[in-house]
Amino acid sequence: MKTIDGKARTISEILKGKRYGIDYYQREYRWQKKQAKELIDDLTEAFLGSHRPGNPRNAVEKYGNYFLGSIILSERDGQKFIVDGQQRLTTITLLLLLLHRRQGERKDRVALEELIYSERFGERAFNIAVEDRRAIMSALFNGDVPDTSDASESVQTIVARYQDLDDLLQEQAEDIDDAALPYFCDWLTEKVYLIEISAASDEDAYTIFETMNDRGLSLTPLDMLKGYLLANISDIGQRNEAARLWRERIEALRKLGKDEDTDAVKAWLRARYANSVRERRTGSENKDFERIGTEFHRWLGDHAEALGLKSGEDFFRFINDEMVFYTRQYARIRAASLDPVKGLEPVYHVAAFNFTLQYPLLLAPLRITDTPDVIDRKIRAVATFLDILLARRAVNYLSMTYGAMSYAAFLIMRDIRGLALPELVDTLRKRLAEQGCDFDGTADGRRNGFDGFGLNQWSKRYIKVLLARMTAHLERASGMDSSAAKYLIEGRGRYEIEHIWADHYSRHRDEFGSQADFSDYRNRFGGLLLLPKSFNGSYGDLSYTKKRKHYVSQNLLAWSLHEQCYERNPGFLSYIEAEALPFKPLDDFRKAELDQRHSLYRQLADRIWDAERLSVEALG
């Protein structure tokens, strides 16, 4: 093998003015939303660990670095080819493209174009020069998202991840706002590093690739943890049994999806043993919570004695009892987050908010000695707490990202660890009261809660969840078979947010002084419904009086606008009377009616996200 060169290089050094080819055997781009979200969460957390509002721009030079892994390159015929690393580089390119567009023409913008494409002899080529991607990358660069239903797997995945990254950046808009955007761009391009491993030939590059990906498989943190634990069990019989149990549990977790085995172990160890978290100030070092997330095998080795792991018998029990119990519960919870499970529906509701920190929180109060009924009650109680908290944060436009929530999540997790049901409910009630926000607004007065809640780029994902929950709740309470999942599922027949008012200012000119005022009011929460995409396409542009009759065939929340809903509908009528909810048919829908509907939505939301549900789910 000839000389191999490995150097740490910034994103800027890797991409600026460069063109990389990809060999045919690994041409497809396959990253999914989970990997994209993990990347954004990790980058955001690392950046916010250093950034403080008011810092001068040149302070970014002193911000902490972030290591993104390695890429393997080979060179032939004067061109560099990516042997390993195209998934990360493609995703980073899409992120740069979105940041380029988001900066617009602002004067302090960071020039990112040369990291996305280069021009030679008047021809534009993107940094990863694959011919069948050229058209879609050009379209995305220009702000277009064309139909790709007939395109290749890579092109379809590129568009899907582009849209996911766009949504994820919107989620981060509170933490990385317009003022922080150029700082983040500077940091991303100059302080995020990859190890570039360059080989002189394809043969050498593939040898490196095979060594890292074949021999390296036994050196993942999960397998190193397994080796450490088994090595400390001296009894051969116990060691063999522990190895069997480990293999059985890991195989079961892997059936749930990629990285679920690792995620389960992180959730278990955080839930049971994380006693410290990094302070929220520049230069703070990682503590238990962060170390378990990045190097749990080393962390456990450093804390074995504190965890009571002293003898071979202790290590055996750690796998035989703890690992088996908590990973089984993780698997149940994770499955319930993907598809509603009877008795664990609140877990699905929290997952709909895309809140990935729920898993260690749900595991935290569980004890191995708990009965199955107590386990489910504890899970429902914590999930209900999170559901209420996230709904409150949504209407107050408060971020729910990993970076925004991890510190508070750790404190709650630590406080509820191993609690009995009554104490768990009491603690969750107190923590809910301490969070500083409810449907009336935030404690500091920066936001006015439900009254000011409406549709925008940030809130649209949460509005869909809230409408799905409200629609399903109303239908179930009225005796109908329904669930939030019905309204949240993607694919054919999916439901979309519809404005009750069509986008025609001329129809409301007498009530609003400008198009802007009308548009703002049109987006209020009370003026929205969740309807099939086909309905929106067929009737969305009609006036209210013309499309109201079509609501009769739709879900109960939409149907309630029409007088037929109040005829021979005993379940619905009984529910709204019992709850004193001011539902009524509306012949017209003007500003006053929208205000009434907004108030009605607030009252319905109060029933769904009532703190009393904590007691019902846990003790009732």
Side-chain angles (χ1 to χ4, degrees), residues 171 333 336-356 358 362 379-398 400 432 437-439 449-450 453-455 458-490 493-498 500 524-532 551 554-561 571-572 575-576 579 581 583 597-614 616-617:
E171 288 181 13
I333 292 166
S337 75
L338 299 172
D339 195 35
V341 171
K342 186 173 178 57
L344 297 180
E345 292 89 349
V347 175
Y348 181 82
H349 298 156
V350 175
F353 285 106
N354 201 25
F355 186 68
T356 58
Q358 76 160 317
L362 295 176
I379 291 172
R380 287 200 302 270
V382 178
T384 298
F385 162 81
L386 292 172
D387 182 31
I388 297 168
L389 175 61
L390 297 174
R392 291 180 176 184
R393 291 184 70 87
V395 302
N396 285 285
Y397 301 100
L398 292 173
M400 304 178 207
L432 199 57
C437 70
D438 56 26
F439 285 164
F450 210 99
F453 187 51
L455 182 67
W458 183 89
S459 66
K460 64 180 181 180
R461 70 183 62 252
Y462 303 122
I463 281 181
K464 185 171 184 180
V465 174
L466 299 179
L467 284 173
R469 295 287 306 289
M470 291 166 60
T471 303
H473 171 84
L474 182 62
E475 290 177 336
R476 287 197 310 275
S478 301
M480 300 169 63
D481 182 21
S482 186
S483 74
K486 169 184 174 182
Y487 297 105
L488 292 172
I489 194 166
E490 296 295 330
R494 71 178 184 271
Y495 284 76
E496 293 185 342
I497 298 168
E498 191 210 43
I500 294 176
R524 293 195 78 201
F525 191 43
L528 305 173
L529 294 167
L530 210 55
L531 295 168
Y551 290 152
Q554 299 303 315
N555 60 64
L556 190 52
L557 193 60
W559 185 19
S560 68
L561 290 163
F572 171 65
Y575 173 67
I576 64 175
E579 292 294 329
L581 289 167
F583 276 91
R597 192 76 172 178
H598 193 87
S599 175
L600 171 64
Y601 279 15
R602 163 64 192 269
Q603 294 175 64
L604 186 57
D606 283 338
R607 272 63 168 182
I608 298 170
W609 290 284
D610 184 353
E612 288 302 314
R613 282 183 53 219
L614 289 170
V616 173
E617 297 291 353

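- Proximity of I500 to L561: side-chain heavy atoms (C-beta onward) are separated by under 4.5 Å at one or more points.
- Within the 4.5 Å cutoff, no side-chain heavy atoms of M400 are placed close to those of N354.
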For residues 339-352, run the donor-acceptor check on the side chains, cut-off 3.5 Å, and write out each pair with its distance to 0.1 Å, sequence neighbours left out.
unit_1: E345; atom_1: OE1; unit_2: G343; atom_2: N; d: 3.0
unit_1: E345; atom_1: OE2; unit_2: G343; atom_2: N; d: 3.3
unit_1: H349; atom_1: ND1; unit_2: R469; atom_2: NH2; d: 3.4

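- The main-chain N or O of R613 is never found under 3.5 Å from a side-chain atom of D610 such that the two would form a donor-acceptor pair.
- Not counting sequence neighbours, the partners of S459 by the side-chain hydrogen bond (donor to acceptor under 3.5 Å, both in side chains) test are N456.
- Residue I497 holds its CD1 atom at 6.0 Å from CG of L467, rounded to the nearest 0.5 Å.
- Counting all heavy atoms, side chain and backbone alike, Q358 lies closest to L386 at CB-CD1, 3.7 Å.
- Taking the ring pair (Phe, Tyr, Trp, His ring centres under 6.0 Å) definition, one finds that F525 meets it with F450, F453, Y601, sequence neighbours left out.
- The minimum heavy-atom distance between N555 and Y487, with the atom names listed, is CB-OH, 3.3 Å.
- Using a distance-only test at 3.5 Å, with no hydrogens or angles considered, no donor-acceptor pair links the side chain of R602 to the main chain of H598.
- Across A611 and I388, no two heavy atoms sit closer than the pair CA-CD1, 3.9 Å.
- Remark: the backbone N or O of R392 is not paired with any side-chain donor or acceptor of D438 at under 3.5 angstrom.
- Remark: side-chain polar atoms of S560 are paired, donor with acceptor, to backbone N or O of L557 under 3.5 angstrom.
- Between the side chain of K464 and the main chain of L530, no donor-acceptor pair closer than 3.5 Å is present.
- Put simply, CG on L614 and CG on L432 are 6.5 Å apart, with the number rounded to the nearest 0.5 Å.
- Residue G454 comes nearest to Y397 through the heavy atom pair N-OH, 2.9 Å, listed as atom of the first residue, atom of the second, then distance.
- A distance of 11.0 Å separates CH2 of W609 from CG of L390, quoted to the nearest 0.5 Å.
- Looking at every heavy atom in both residues, E475 comes nearest to S482 through OE1-OG, 2.6 Å.
- Atom-to-atom distance recorded for Q603:CD and E579:CD is 10.5 Å, nearest 0.5 angstrom.
- Residues Q554 and L529 have side chains not in contact (no heavy-atom distance under 4.5 Å, counting atoms from C-beta outward).
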Y495/K486 under side-chain contact (heavy atoms from CB on, under 4.5 Å): CA gap, chis, key distance, verdict: CA-CA 9 Å; Y495 284 76; K486 169 184 174 182; 3.8 Å; yes
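- Rounding to the nearest 0.5 Å gives a distance of 6.5 Å between OH of Y575 and CZ of R607.
- Note that the CG atom of L466 and the OG1 atom of T471 stand 10.5 Å from one another [nearest 0.5 Å].
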